[in-house]
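To start, the structure under review is shown below, and the notes come after it.
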Amino acid sequence: MPTITQTASSRKIPPLAWLIVLSFGIVVLGLADIAFGSVSIPGWEVARILAGQKASNDTWNNILVNIRIPKTLTALLAGMALSVSGLQLQTLFRNPLAGPSVLGISAGASLGVAAVTLVSGQSVAVSALSSGVGQGWLLVVASSVGAATVLLLILAVSLRVKDSIVLLIIGIMIGNITLAVVSIWQYFSQPEQIRDYLLWTLGSVGNVTNEQLKIFSVLSLLIVFITFLLSKNLNGLLLGERYAQSMGIPLLITRISIIATTSILVGLVTGFCGPIGFVGIAVPHLVRSLLQTSDHRWLIPACALAGAFILIGCDLVSQWPGRAWVLPINAITALIGSPVVIWVILHRRNLSSHFR
Amino acid sequence: MRPTSSIISLDQVSIGYGTGRKDKKLVQNLDLTVSERQLIVLVGPNGVGKSTLLRTIAGLQKPLCGSIQLFNKPTNNLNPKMLAHYVSVVLTSQIDTGYVTASELIAMGRLPHTGWLGTFSSLDRQKVSSAVKQTKVDHLLDKPVYQLSDGERQKIMIARALAQDTPIMILDEPTTHLDITNQMNIIQLLRSLVKTQNKCIILATHNIELALQVSDRMWLMHHGTMEDGTPEDLVLNGALAQAMSTDLAPFNPERGTFQVQHSSTYPIVLKGTGIRAHWTQRALERAGYYVQNEGAVAVEIADEDDWLIYHNNQFIRSVDSIGSLLYQLSQLYSSSSLSHPDV
């Protein structure tokens with residue numbers, strides 16, 4: 001159908017324009033996310049605090065500096081990290097349904113967190129804010145180790161299993177086993193520990209302290225930058241591993257780099273915010289269709305921006321202005337993400353030919 | 001005895017794939033040397049290890065034992081990037097890559113030559129555009145790869161390998177699934193690359209008749225053995241017939257083709273010469289007649305566009321096509337007592 005393509009390609013917007021649009025969108029949504037919340041703060045006061053001045057009301061000041069701004073920045077970083085991880089996994093496994101949550105990597109992180117919350121015998125997970133910095137980091141390290149363990153397991157299987165659908169199913173099953181272990185563990189745990197763990201699984205971008213945020217932002221930005229340096233290798237993988245190898249891409253190093261960066265990113269986000277679903281799988285698809293390209297030099301920055309945009313948007317929805325309640329962010333990401341996945345499957349004629 | 005300036009040399013190489021404790025060896029102790037830039041065609045029945053051999057030479061798979069040298073350098077000492085400067089490949093695996101356009105795919109051939117982020121130099125651009133020119137794919141460049149036909153995609157993949165700018169190109173069944181025009185296009189392209197670009201090209205194919213016409217050298221794999229020589233030598237010494245013939249379609253060394261054996265039950269006489277006689281004989285053989293010198297029924301190729309049918313030297317009728325000739329003959333045989341004693 002040449003006519004359809006011609007119109008499609010003539011309507012194609014240059015990738016750089018999308019990056020600018022997305023950055024602008026992040027600024028707008030981010031400001032809205034900071035300005036609105038269960039406590040209503042006048043716009044000019046928000047502007048004054050953002051400009052570095054004190055607001056007339058100390059409580060407002062406190063809410064913005066210690067709660068809302070870190071929350072928005074956490075959403076930005078988490079969305080970025082999850083989307084870039086999902087993109088890398090989809091390219092590595094050549095599977096459109098790959099993503100941190102589907103392949104059981106988030107489940108691995110959950111196991112790590114469960115190990116901390118259910119064993120330590122004290123309340124740590126409800127809020128890293130209240131439990132002290134040391135405990136917060138324990139969670140992050142535990143969830144990173146859990147994520148890396150599952151990812152290594154899946155990688156080991158992927159060396160033997162070439163069929164990506166089979167690999168995907170194995171990933172889902174490994175995730176199930178991991179969660180089953182967590183369930184059994186919960187069964188023998190104290191109610192308050194279970195409550196901590198369950199609250200953690202709902203996901204939240206509001207539990208990161210300013211101290212933690214510094215390290216979270218440095219680490220995640222650094223690793224997203226490293227994945228950008230891998231974009232040539234990821235492009236080579238588009239033709240499959242054999243072609244990549246024949247064009248001089250070092251396979252083992254590439255695989256290990258993708259797995260290391262992905263598990264640190266997913267581990268960080270899951271440790272700080274809980275297992276946030278669907279962002280990692282849905283955003284790369286949205287970005288590919290928007291940019292109409294498979295070039296990772298564009299896809300990685302665009303995924304980072306789009307992921308940040310969408311997760312800030314989800315956060316805005318979850319704390320809908322003027323309401324006293326805050327919805328769990330996982331519910332919002334699933335509500336937005338699942339239709340995207342269905343749309344991708346229905347509207348991609350070339351879904352199977354997308355990756356093989 | 002190995003020439004000092006060999007392009008490819010295999011020394012006591014065994015190929016196959018390891019399955020844990022048991023290695024499945026396909027071919028053992030292979031010695032091969034390529035020292036001229038030629039078009040080498042690899043033929044052999046399914047499953048003898050053609051693809052495995054090609055992948056092993058290209059360094060995509062390790063040999064089970066033995067050593068492979070490209071330009072006198074052992075491949076296991078070469079890192080992937082250096083290897084990619086010597087060999088480019090076109091594999092059988094389907095490639096379908098979302099939004100990648102033909103021009104982006106061709107540009108991927110420059111991956112081993114570019115830096116961290118794959119930024120193009122003017123040399124890279126020049127190599128890509130000359131690859132495009134040689135393969136004549138200018139009109140496809142803006143199309144997404146998934147919209148291309150099989151033949152177009154194959155040309156793009158070859159253009160990509162060309163852009164990679166390697167002295168050795170290895171192609172695994174590049175003409176499979178292609179119609180005869182596209183097959184010829186690709187083969188002509190590869191031949192001209194050997195001549196004008198001084199490339200050494202190894203390709204695997206099942207089209208032996210084509211291979212016989214175009215290859216400078218033939219590698220014939222058969223039951224764990226390898227015959228190496230000019231294709232004509234392999235025909236004359238019977239190696240090709242031995243490796244590839246079956247009872248159903250024995251190799252005909254005179255024609256260089258495999259001929260389907262028909263079970264012929266009815267004798268017939270064919271009078272005439274020329275191309276019409278040739279195709280009439282083929283039709284008769286397919287329909288179950290065998291041509292002999294004496295017999296009750298005869299077909300004569302007339303001067304006009306007619307075929308004349310005789311029975312016991314009596315003119316029966318004339319027909320104007322091979323189709324109606326076969327129909328009339330079948331009527332004749334079934335209506336009379338002409339059926340062969342064997343039937």
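Each chain gets a letter, A, B and so on, in the order the sequences are listed, and its residues count up from 1.
- With contacts defined as side-chain heavy-atom distances shorter than 4.5 Å, the pair B/Tyr86/B/Thr166 does not qualify.
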**Request:** Please test B/Gln183 against B/Asn207 for side chain to side chain donor-acceptor pair (under 3.5 Å), starting from the C-alpha separation and ending with a verdict.
**Result:** CA-CA 10 Å; B/Gln183 287 192 24; B/Asn207 192 338; 3.0 Å; yes
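- Note on A/Glu241 versus A/Arg255: salt bridge recorded, some NZ/NE/NH1/NH2 to OD/OE distance being below 4.0 Å.
- Proximity to chain A involves both the backbone and the side chain of B/Val89, based on heavy atoms less than 4.5 angstrom apart.
- A donor-acceptor pair is defined here as one N or O able to donate and one able to accept, closer than 3.5 Å; no such pair exists between the side chain of B/Arg160 and the backbone of B/Ala102.
- Proximity to chain B involves both the backbone and the side chain of A/Arg242, based on heavy atoms less than 4.5 angstrom apart.
- Counting heavy-atom pairs under 4.5 Å between each of B/Arg55, B/Gln164, B/Lys81 and chain A puts B/Arg55 at the top.
- Side-chain contact check for B/Asp11 and B/Gln69: no donor-acceptor pair (N or O, by modelled atom type) lies under 3.5 Å.
- Checked by atom type, the side-chain pair A/Gln90/A/Arg288 shows a donor-acceptor distance below 3.5 Å.
- Between the side chain of B/Gln61 and the backbone N or O of B/Gly16, at least one donor-acceptor pair lies under 3.5 Å.
- A donor-acceptor pair shorter than 3.5 Å can be found between the side chains of A/Gln88 and A/Thr261.
- When heavy atoms are compared at a cutoff of 4.5 Å, B/Met157 approaches chain A solely by way of its side chain, counted from C-beta outward.
- Checking B/Asn46 against B/His206 by side-chain atom types alone, a donor-acceptor pair falls below 3.5 Å.
- With respect to chain B, the highest number of heavy-atom pairs below 4.5 Å among A/Asn235, A/Ile249, A/Thr293 belongs to A/Thr293.
- Looking at B/Leu83, neither its backbone nor its side chain comes within 4.5 Å of chain A, counting heavy atoms on both sides.
- Neither the backbone nor the side chain of B/Ile170 comes within contact range of chain A, judged by heavy atoms closer than 4.5 Å.
- For B/Asp172 and B/Ser51, the side-chain atoms include at least one donor-acceptor pair closer than 3.5 Å.
- Comparing B/Met108, B/Glu104, B/Met82 by heavy-atom pairs within less than 4.5 Å of chain A, the highest count is held by B/Met108.
- Heavy atoms closer than 4.5 Å to chain B are found in both the backbone and the side chain of A/Ser246.
- Residues of residues 110-120 of chain B having a heavy atom under 4.5 Å from any heavy atom of chain A, listed by number: B/Leu111, B/Pro112, B/Thr114, B/Gly115, B/Trp116, B/Leu117, B/Gly118, B/Thr119.
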